[in-house]
Amino acid sequence: MGYEIHISRAEEYYESEGQPINMPEWQSYADGNPALNVVGWLGWDEDRQPIYEYTCADGSPVSLTWFEGAIDIKGHVDGDPYREFGSFAEDLRANLQGDDDERYTASGVFPPD
């Protein structure tokens, strides 16, 4: 079973459709970020979207995809998720949250409420 980290503007990442990062905004941001590279595609024809790859400080690659208003980060992250992805969340005016509702911030990791 995998574990994901999410970049979302919603209080809870699974409610991202209510306060979305829209797909064109995400693609514009990701295409302009030299740390992200397109490595594949999800979907077909006009509905397809890119899969971006980021290489973590330890050399591990992770994928970033847009889904229902949030950015899902999948892969093995050994280091501090905020150090790796905090600037992405800040640039998008969003939160960084794990599958277990913990929040990653510059001040540390905060457990679910």
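Since the model is a prediction, treat every value here as computed from it, not as a measurement. Positions are given from 1 along the sequence. Computed over heavy atoms, backbone and side chain alike; hydrogens, waters and symmetry mates excluded.
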With E11, which residues qualify under side chain to side chain donor-acceptor pair (under 3.5 Å), at least two apart?
-> R103

Identify every side-chain donor-acceptor pair in residues 59-66 under 3.5 Å, counting partners at least two apart or on other chains, and give the distances.
{"unit_1": "S60", "atom_1": "OG", "unit_2": "D58", "atom_2": "OD1", "d": "2.9"}
{"unit_1": "S60", "atom_1": "OG", "unit_2": "D58", "atom_2": "OD2", "d": "3.3"}
{"unit_1": "W66", "atom_1": "NE1", "unit_2": "I21", "atom_2": "O", "d": "2.6"}

E102 (side chain) donor-acceptor with V109 (main chain) under 3.5 angstrom = no

Residues two or more places apart in sequence or in another chain: which of them pass side chain to side chain donor-acceptor pair (under 3.5 Å) with D78?
-> H76

Of all residues at least two apart in sequence or in a different chain, which pass the side chain to side chain donor-acceptor pair (under 3.5 Å) check with Q49?
-> none

With sequence neighbours left out, which residue pairs that include part of residues 22-41 fulfil the salt bridge (charged side-chain N to carboxylate O under 4.0 Å, His left out) condition?
-> R9-E25, E25-R93

Check for a donor-acceptor pair, side chain of D99 on one end and backbone N or O of E4 on the other, with a separation under 3.5 Å.
-> yes

Residues in side chain to side chain contact (heavy atoms under 4.5 Å, CB included) contact with W44, at least two apart in sequence or another chain | none

Partner set under side chain to side chain contact (heavy atoms under 4.5 Å, CB included) for N33, not counting sequence neighbours | Y29, A35, L36, F88

Which residues pass the side chain to side chain donor-acceptor pair (under 3.5 Å) test with N95, sequence neighbours left out?
-> none

Check whether any side-chain heavy atom of L96 sits under 4.5 Å from a side-chain heavy atom of T105, and report yes or no.
-> no

List in chain and number order the residues that pass side chain to side chain contact (heavy atoms under 4.5 Å, CB included) with S28, two or more places apart in sequence or in another chain; answer none if no residue qualifies.
-> none

Can you name the side chain to side chain contact (heavy atoms under 4.5 Å, CB included) partners of P50, sequence neighbours left out?
-> Q27, V38, W41, Y52

Test applied, side-chain contact (heavy atoms from CB on, under 4.5 Å); reference residue, H6; option that passes from I71, I73, D72 = D72

L42 and I51: CA distance, side-chain angles, deciding distance, side-chain contact (heavy atoms from CB on, under 4.5 Å) verdict | CA-CA 7 Å; L42 290 174; I51 300 169; 3.8 Å; yes

Salt bridge (charged side-chain N to carboxylate O under 4.0 Å, His left out) partners of residues 46-55, not counting sequence neighbours, each pair once = none

Do you know which two heavy atoms are closest between G32 and P34, and how far apart they sit?
-> O-CD, 3.4 Å

Give a yes or no on whether the ring-centroid distance for Y54 and F85 is below 6.0 angstrom.
-> yes

Where the side chain of Q97 meets the backbone of Y13, is there a donor-acceptor pair that is under 3.5 Å apart?
-> yes

What are the two closest heavy atoms between A89 and I7, and how far apart are they?
-> CA-CG2, 3.9 Å

Quick note, side-chain hydrogen bond (donor to acceptor under 3.5 Å, both in side chains) partners involving residues 14-24, not counting sequence neighbours, are S8-S16

Quick one: closest heavy-atom pair of C56 and V77, and the distance?
-> SG-CG2, 4.4 Å

